[in-house]
2 protein chains.
Amino acid sequence: MKSHQVTIKDIAKILDISASTVSRALKDHPDISIETKNKVKKLADKLKYKPNAIALSLQSNKSHIIGIIVPQIVHHFFSTVISGIEELAADKGYNIIITQSNESQKKELDNCQTLLSGRVDGMIVSRTKDTENFDHFRNILNTGTPIVFFDRTCHGIKTDKVIIDDYKAAYDATEYLIKTGCKNLLHFAGPKNLKISSKRMWGFADALKRNNLSFNEEMIYSADNFSKGYNLTYELYKNNHLPDGIFTVNDMTAAGTLSALNELKIKVPEEISVFGFTNGIISQITSPSLSTVEQNGYLMGYSAAEILINKIENETTDIISKIIPTKLIIRNSTKKL
Amino acid sequence: MKSHQVTIKDIAKILDISASTVSRALKDHPDISIETKNKVKKLADKLKYKPNAIALSLQSNKSHIIGIIVPQIVHHFFSTVISGIEELAADKGYNIIITQSNESQKKELDNCQTLLSGRVDGMIVSRTKDTENFDHFRNILNTGTPIVFFDRTCHGIKTDKVIIDDYKAAYDATEYLIKTGCKNLLHFAGPKNLKISSKRMWGFADALKRNNLSFNEEMIYSADNFSKGYNLTYELYKNNHLPDGIFTVNDMTAAGTLSALNELKIKVPEEISVFGFTNGIISQITSPSLSTVEQNGYLMGYSAAEILINKIENETTDIISKIIPTKLIIRNSTKKL
DNA sequence: GTGAAAGCGCTAACAG
DNA sequence: CTGTTAGCGCTTTCAC
């Protein structure tokens, strides 16, 4: 039973002054006498008056809410990004509304509707793996609500984004494997239509070529989660196709791979090196601990929020593409240089 | 530059009818003629009219927003809970606003203010570790905004909550260790003022007693994260105090413990058994995989949302304490029965 | 069957 | 220095 929250009118009535005077007093308008201000503030305090954000929103046509769409909240990388967004948003007086698409295009569409209806001031989005049609995003942009994409972006749509240089990071990781003596490498890759996956794949391929190792498509396997990494490793073992180094598209896949290798009593990194991508918590927990690419989700989120809020408040129209630096984190699943 | 979103007035003007007619037509009010309805709906569609949720909120005094406060978003358990909340909320037409307290009481207070100002219809909260004063929550409850607590609850405050039977779960886990032959057990515990921690501790203690093993306070060590678990294990090793079984207050602590034991070449579970708590992703990734207590955060979140939404919509006043069942997940860090 | 008017809580332009 | 009025977008009596 929602009891009546104190409003500006209540205060006005009690003090026998007008609502606008109360409003002005509360925000230290220079016109108001000090006595009145004091009177009002004291009562407001006593009554625990809280401005009604909804009324303010309606009036100003600003909700001070940032809408977020991620594929999954329960995913270390995404929750890190969210955390970064929340941090800056809270600082700047924005709330965040979070929705998840569960990798379903339909749900993603629903989320867009919901957020649009909720009149968010802007959105931060990482799209589903297989979204191919980006009209819903275009429509939102057309209404004037800014969107900043991160990590998974949309091709053919001019918009702000925060990404990492997936190509370079993959290139560097692969080259590290080569420099530490691997000659027979495989890549466990994500879906091809995801730019981040294909870029990592090309980084892998080019690192081989430039280091005078031959590359062919058979070095690319599709595996982008724990169980796929696990199963694929077993399969390669059975077919006698295990390499001496594996670069995986993310940490979970690497963890699955390591888990299988452990069971198969194959020594890491002596017999096989494994290189992950993301640097989530799990990379410290695997045995051996995982060498990986630091992706800095927190900073991605923080930067995305920064760009978005700037766009909201200054109504600039320049398109920004921010690249968050990555670095290799060398642990014990690879040999030392 | 937020361009003008289509409103009911725009439609009214174009069709040369009144706003109220449009409003009624849109919601299939029986009074309105079919032609008018069709006309209105068609145009609304064409113009991509979206009702302004903010205006609706102001009017109905319902925001259809659920406010969430968690210590940290980046924490597998909490993100799982959030995911459960989001799922039901989305189903029932609610949005969720997420705030994190970072285990800071001050931030928690701020969050309460923000959410209250945002006129959320209700809140779902897991408090910080060291909050001792719960007045801010009491104040919110007094305004008529319902709160459902989960996992970490507040003593001395009558409110809805969703918890697990921490005592029983800990008792069962400890008993399992005893039954598989452990005679010399330790518990790595969390802060005493957290009910969930102390309950787990008592479950541990009572399991020992009831199984004719002596218990004393020296079996309890304070360690509730990866590095504390890791360091404590090394310390015990140095002092020759390693037991034959360890029950930890959560998975991360167990992971730290396992990591140290691996480095020390101590065989798990042959020499030492390790039992965790939570069943997060990491429990499958540790080596060996971790026996743990399934805490079902998703269901906790889902149930909390269920209770809260019911309270919001039906304005019931009964206080509900829901206990989510736990179960032991036996993997390879403990011996078999 | 439809329109006019009031009001949700607040602010801002306009008076005085 | 303070009050009155109008309006943000929408719903809901009350008229006709």
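All chains are named by letter (A, B, ...) in the order of the sequence lines, taking the proteins before the strands, and each is independently numbered beginning at 1. Not measured: the values here are computed from a predicted model.
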Original post:
Going by the salt bridge (Lys or Arg N to Asp or Glu O under 4.0 Å) test, which pairs reach into residues 140-157 of chain A, not counting sequence neighbours?
Top reply: E103(A)-R152(A)
Original post:
Which pairs count as salt bridge (Lys or Arg N to Asp or Glu O under 4.0 Å) when at least one residue sits in residues 40-56 of chain A, sequence neighbours excluded?
Top reply: D28(A)-K41(A)
**OP:** Check each residue of residues 37-49 of chain B for a non-hydrogen atom within less than 4.0 Å of any atom in DNA chain D, then write out the ones that pass by number, or none.
**Re:** Y49(B)
Original post:
Can you list, by residue number, the residues of residues 25-34 of chain A that have a non-hydrogen atom closer than 4.0 angstrom to DNA chain D?
Top reply: D31(A), I32(A), S33(A)
Rounding to a whole Å, what distance do you find between [X]:[atom1] and [N]:[atom2]?
| X | N | atom1 | atom2 | answer |
| --- | --- | --- | --- | --- |
| R119(B) | dG9(C) | CZ | C1' | 9 Å |
| K62(B) | dC10(D) | NZ | C1' | 17 Å |
| L56(A) | dG9(D) | CG | P | 15 Å |
| I8(A) | dA12(C) | CD1 | P | 11 Å |
| I11(A) | dT11(C) | CD1 | P | 11 Å |
| N52(A) | dC8(C) | CG | P | 12 Å |
| Q5(B) | dC8(D) | CD | P | 15 Å |
| L15(B) | dG1(C) | CG | P | 18 Å |

Subject >> Listed partners of D31(B) passing side-chain contact (heavy atoms from CB on, under 4.5 Å), at least two apart >> reply: H29(B)
Subject >> Which residues share a side-chain contact (heavy atoms from CB on, under 4.5 Å) with S60(B), sequence neighbours left out >> reply: K62(B)
Subject >> Touch class at under 4.0 angstrom, heavy-atom based, for T36(B) against every strand present >> reply: sugar-phosphate
Original post:
Under 4.0 angstrom, heavy atoms only, what part of the nucleic acid is S57(B) near: base, sugar-phosphate, or nothing?
Top reply: nothing
**OP:** Check whether any side-chain N or O of S57(A) sits under 3.5 Å from a backbone N or O of A53(A) as a donor-acceptor pair, and report yes or no.
**Re:** yes
Original post:
Hey, are K107(B) and D110(B) close enough for a salt bridge, meaning a charged N less than 4.0 Å from a carboxylate O?
Top reply: no
So, using side chain to side chain donor-acceptor pair (under 3.5 Å) as the criterion, who are the partners of [X] when residues are at least two apart?
| X | answer |
| --- | --- |
| N139(B) | none |
| E87(B) | none |
| S23(A) | none |

Original post:
With a 4.5 Å heavy-atom cut-off, do K311(A) and D160(A) have their side chains touching?
Top reply: yes
**OP:** Give me the ring orientation class for Y302(B) and Y298(B): parallel if the planes are under 30° apart, tilted from 30 to 60°, perpendicular past 60°.
**Re:** parallel
Original post:
Between Y94(B) and H64(B), what is the ring plane arrangement, given parallel below 30°, perpendicular above 60°, and tilted in between?
Top reply: parallel
Original post:
More than 12 heavy atoms of other residues, nucleotides or ligands under 6.0 Å from NZ of K39(B): is that the case?
Top reply: yes
Original post:
Should the heavy atoms of other residues, nucleotides or ligands under 6.0 Å from NZ of K322(A) be counted, would the total exceed 12?
Top reply: no
Original post:
For S104(B) and S101(B), does a side-chain donor sit closer than 3.5 Å to a side-chain acceptor?
Top reply: no
Give each protein N/O atom lying under 3.5 Å from an N/O atom of nucleotides 3-7 of chain C, with the pair distance.
residue : atom : partner : partner atom : Å
dG3(C)  : OP2  : S18(B)  : N            : 2.9
dG3(C)  : OP2  : S18(B)  : OG           : 3.1
dG3(C)  : OP2  : T21(B)  : OG1          : 2.4
dG3(C)  : N7   : R24(B)  : NH2          : 2.6
dG3(C)  : O6   : R24(B)  : NH1          : 2.9
dG3(C)  : O6   : R24(B)  : NH2          : 3.0
dA4(C)  : N6   : S20(B)  : OG           : 3.3
dG7(C)  : N2   : Q59(B)  : OE1          : 2.6

Subject >> Global bending angle along the helix from dG1(C)-dC16(D) to dG16(C)-dC1(D), which compares the axes of five pairs at either end, to 10 degrees >> reply: 60°
Original post:
Heavy-atom contacts under 4.0 Å between residues 109-117 of chain A and DNA chain C, which residues?
Top reply: none
Original post:
Looking at F149(A), F134(A), F137(A), which hits ring pair (Phe, Tyr, Trp, His ring centres under 6.0 Å) with H155(A)?
Top reply: F134(A)
